[in-house]
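So the structure is just underneath, and the comments pick up after that.
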2 protein chains.
Amino acid sequence: MTTSPSAGTTASSQVFEALKHDLIRGRFAAGEKLAISALKTHYGVGLSPLREALNRLAAYGLLEQENQRGFRVPAMRLEELDDIAGLRTQLECMALTQAFQNGDSEWESQLLAAAHRLRRADEQPERIEEWEQAHLRFHRALLGACGSPWLLRFIGQLHDQFDRYRRMAPPNPGIRTTLDEQHAALVELALARDIQGARALLDTHIRLSHEVARGCCSAAP
Amino acid sequence: MTTSPSAGTTASSQVFEALKHDLIRGRFAAGEKLAISALKTHYGVGLSPLREALNRLAAYGLLEQENQRGFRVPAMRLEELDDIAGLRTQLECMALTQAFQNGDSEWESQLLAAAHRLRRADEQPERIEEWEQAHLRFHRALLGACGSPWLLRFIGQLHDQFDRYRRMAPPNPGIRTTLDEQHAALVELALARDIQGARALLDTHIRLSHEVARGCCSAAP
DNA sequence: ATTTCCCTAAAAATCGATTTTTTTATCAAT
DNA sequence: ATTGATAAAAAAATCGATTTTTAGGGAAAT
């Protein structure tokens with residue numbers, strides 16, 4: 001039995017994940033029109049699974065689908081960044097409150113584990129994607145106990161949108177250190193169930209990335 | 001020049017809209033597995049546009065996509081209904097507050113127009129779909145001035161999910177009259193910019209439909 | 001009688017080719 | 001030179017057929 005790297009998955013799902021990642025990390029220019037045949041060869045799939053992935057990404061909000069004119073990477077607009085950041089702050093603060101109320105010891109364990117992985121990833125500043133993944137998982141773990149699947153779904157979607165803007169900015173060790181100190185502090189506040197303190201810090205935490213992205217976004221176009 | 005009924009639209013988008021409507025109004029049984037070839041003939045399209053529509057609907061949350069096992073209508077779960085209703089209340093109250101702060105006279109005009117259409121639709125109780133459409137537009141008009149496209153997007157998505165549960169219940173003239181009185185009252189509160197009063201009424205408004213759907217949902221499975 | 005394995009039928013996913021629509025380029029007329 | 005129509009080229013959308021995977025039934029073995 002050969003365990004291929006794509007065992008149990010459809011080609012469509014694989015392209016979806018690969019394209020999603022590439023869109024968030026900024027592989028394509030904002031506003032760029034996607035050349036479908038080029039994508040076909042790049043991701044090594046046929047037309048059908050590729051188009052299915054593109055349709056899913058458009059429904060998710062990482063692509064825009066124009067009437068009979070194919071798919072386009074959404075433009076970066078300062079106004080939209082502010083919308084995303086503001087809403088993300090509100091929704092994550094909601095989820096945080098609920099997670100602090102519902103969270104059990106299993107939640108605490110998962111949070112500590114995620115925080116540890118994030119610290120370790122921080123020791124290897126050159127491996128950016130590992131840190132990004134650990135970062136995403138940490139935030140998921142922090143809010144995971146909120147008890148509302150739909151809230152978590154929307155927060156995840158906003159997080160992806162936010163990251164598209166945040167990752168425009170070049171890596172900055174100083175800011176990353178500050179962010180990681182905030183992550184550690186959030187864990188302490190979570191264990192202490194300090195809702196007010198954690199909400200304030202989460203707000204500050206998002207605001208910091210927001211400001212960095214903002215500077216980059218207003219400079220770009 | 002012949003103006004076909006589908007001018008300027010792709011087959012894919014048409015099936016998407018038609019299927020979305022049928023899923024919300026409950027044409028398919030909850031938990032049912034969709035027979036793709038049957039859908040093909042029913043909606044009169046080929047495989048490719050149909051699959052693209054199914055993929056979009058899965059990303060939107062109106063279908064579940066299992067690994068290599070096709071598409072399934074999500075089950076109706078009381079727990080999920082409560083999640084949807086609770087989150088919808090919170091997000092709509094957020095948007096309502098912002099709409100009351102940002103809304104200009106154009107917003108007031110659109111709201112009055114939507115309210116009028118809804119009253120007229122209410123006079124024809126047998127034309128259910130017309131009322132449904134007017135109802136959806138009224139709620140969109142009420143919150144449309146909130147200034148946050150992403151918040152409106154999520155609210156629309158939750159509204160669709162909520163309606164899937166709400167429409168399980170058989171039409172009830174008494175409840176519909178109560179709902180429409182609340183709509184009229186919401187317009188008055190909007191014009192008066194009474195945020196507290198409107199939030200309270202919107203909460204009551206959603207709670208009423210929630211309770212009706214709840215009774216139907218717990219009885220069904 | 002129950003479990004396991006294989007075989008067959010059905011369904012899903014993918015591919016290659018065709019059709020339709022949009023975009024680009026060309027050329028005449030004002 | 002600009003505009004407007006037309007034709008060629010490119011791209012998107014769709015179709016029909018093929019390949020792959022799953023679901024179900026029945027025989028062999030325990």
Side-chain angles (χ1 to χ4, degrees), chain A residues 1-20 22-23 27-29 31-60 62-75, chain B residues 1-20 22-23 27-75:
Chain A
M1 171 189 168
T2 56
T3 305
S4 77
S6 57
T9 316
T10 62
S12 170
S13 299
Q14 285 177 252
V15 201
F16 175 82
E17 292 299 335
L19 249 170
K20 178 180 170 184
D22 285 344
L23 285 164
R27 183 175 178 274
F28 304 97
E32 177 183 348
K33 183 174 167 187
L34 295 183
I36 296 191
S37 54
L39 297 179
K40 227 178 50 162
T41 58
H42 185 269
Y43 294 101
V45 291
L47 201 62
S48 307
L50 177 60
R51 283 191 62 87
E52 291 184 14
L54 292 171
N55 272 278
R56 279 201 257 175
L57 286 164
Y60 189 71
L62 278 171
L63 281 179
E64 285 168 0
Q65 188 166 21
E66 299 170 73
N67 223 331
Q68 249 134 337
R69 251 154 268 186
F71 297 85
R72 183 176 295 280
V73 180
Chain B
M1 170 189 170
T2 57
T3 305
S4 77
S6 58
T9 315
T10 62
S12 170
S13 299
Q14 284 176 254
V15 202
F16 175 82
E17 291 298 337
L19 249 170
K20 177 180 170 183
D22 284 344
L23 284 164
R27 183 175 177 277
F28 304 96
E32 176 183 349
K33 182 173 167 187
L34 295 182
I36 296 191
S37 54
L39 297 179
K40 227 178 51 163
T41 58
H42 185 269
Y43 293 101
V45 291
L47 201 63
S48 307
L50 176 60
R51 284 191 61 87
E52 291 184 13
L54 292 172
N55 273 277
R56 280 201 255 174
L57 286 164
Y60 188 71
L62 279 171
L63 283 178
E64 284 167 359
Q65 189 165 21
E66 299 170 73
N67 223 332
Q68 247 134 339
R69 251 155 268 185
F71 297 85
R72 184 176 295 279
V73 180

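Everything numeric here is computed off the predicted structure, so don't read it as measured data. Just so you know, these numbers use all the heavy atoms, side chains as well, and skip hydrogens, waters and symmetry mates. Letters A, B, ... mirror the listed sequences (proteins, then strands); counts begin at 1.
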Give, for atom [atom1] of [X] and atom [atom2] of [Y], the distance between the pair rounded to the nearest 0.5 Å.
X     : Y     : atom1 : atom2 : result
B/E17 : B/K20 : CD    : NZ    : 5.5 Å
B/L54 : B/F71 : CG    : CZ    : 5.0 Å
A/S13 : B/Q68 : OG    : CD    : 8.5 Å

Nearest atoms (heavy-atom pairs only) where [X] meets [Y]:
X     : Y     : result
A/L23 : A/V73 : CD2-CG2, 4.0 Å
B/A53 : B/S12 : CB-O, 3.8 Å
B/V15 : B/L50 : CG1-CD1, 3.8 Å

Please tell me if the side chains of B/L19 and B/L62 come closer than 4.5 Å, counting only heavy atoms from C-beta onward.
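Heavy-atom side-chain distance check fails, nothing below 4.5 Å.
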Tell me the interatomic distance from [X], atom [atom1], to [N], atom [atom2], rounded to whole angstroms.
X     : N      : atom1 : atom2 : result
B/L34 : C/dA12 : CG    : P     : 9 Å
A/K33 : D/dA11 : NZ    : C1'   : 7 Å
B/Q65 : D/dT22 : CD    : C1'   : 16 Å
A/K40 : C/dA17 : NZ    : C1'   : 11 Å
B/I36 : D/dG16 : CD1   : P     : 16 Å
A/R72 : D/dA12 : CZ    : C1'   : 14 Å
B/L39 : C/dA11 : CG    : C1'   : 13 Å

Could you identify which residues of residues 42-53 of chain A place a heavy atom less than 4.0 Å from some atom of DNA chain D, listed by residue number, or say none?
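Under 4.0 Å from DNA chain D: A/L47, A/R51.
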Just call it for B/S37: base, sugar-phosphate, or nothing, with non-hydrogen atoms closer than 4.0 Å on any strand.
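No contact at all - B/S37 keeps every heavy atom at 4.0 Å or more from the nucleic acid.
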Taking distance alone, no hydrogens or angles, what donor-acceptor pairs closer than 3.5 Å link side-chain atoms of residues 33-48 of chain A to residues at least two apart or in another chain?
from  : atom 1 : to    : atom 2 : distance (Å)
A/T41 : OG1    : A/A38 : O      : 2.8
A/H42 : NE2    : A/R27 : NH2    : 2.7
A/Y43 : OH     : A/D22 : OD2    : 2.6

Sort and list the pairs that fulfil salt bridge (charged side-chain N to carboxylate O under 4.0 Å, His left out) and have at least one residue in residues 51-67 of chain B, not counting sequence neighbours.
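Every salt bridge (charged side-chain N to carboxylate O under 4.0 Å, His left out) pair that includes a residue of residues 51-67 of chain B, provided the two are not neighbours, is A/R51-B/E52, A/E52-B/R51, B/E66-B/R72.
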Scan nucleotides 18-20 of chain D against the protein and return all N/O pairs shorter than 3.5 Å with their distances rounded to 0.1 Å.
none

Phosphate oxygens OP1/OP2 of C/dA12: is one of them under 4.0 Å from a side-chain N or O of B/R69?
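Looking at the OP1 and OP2 atoms of C/dA12, neither is under 4.0 Å from any side-chain N or O of B/R69.
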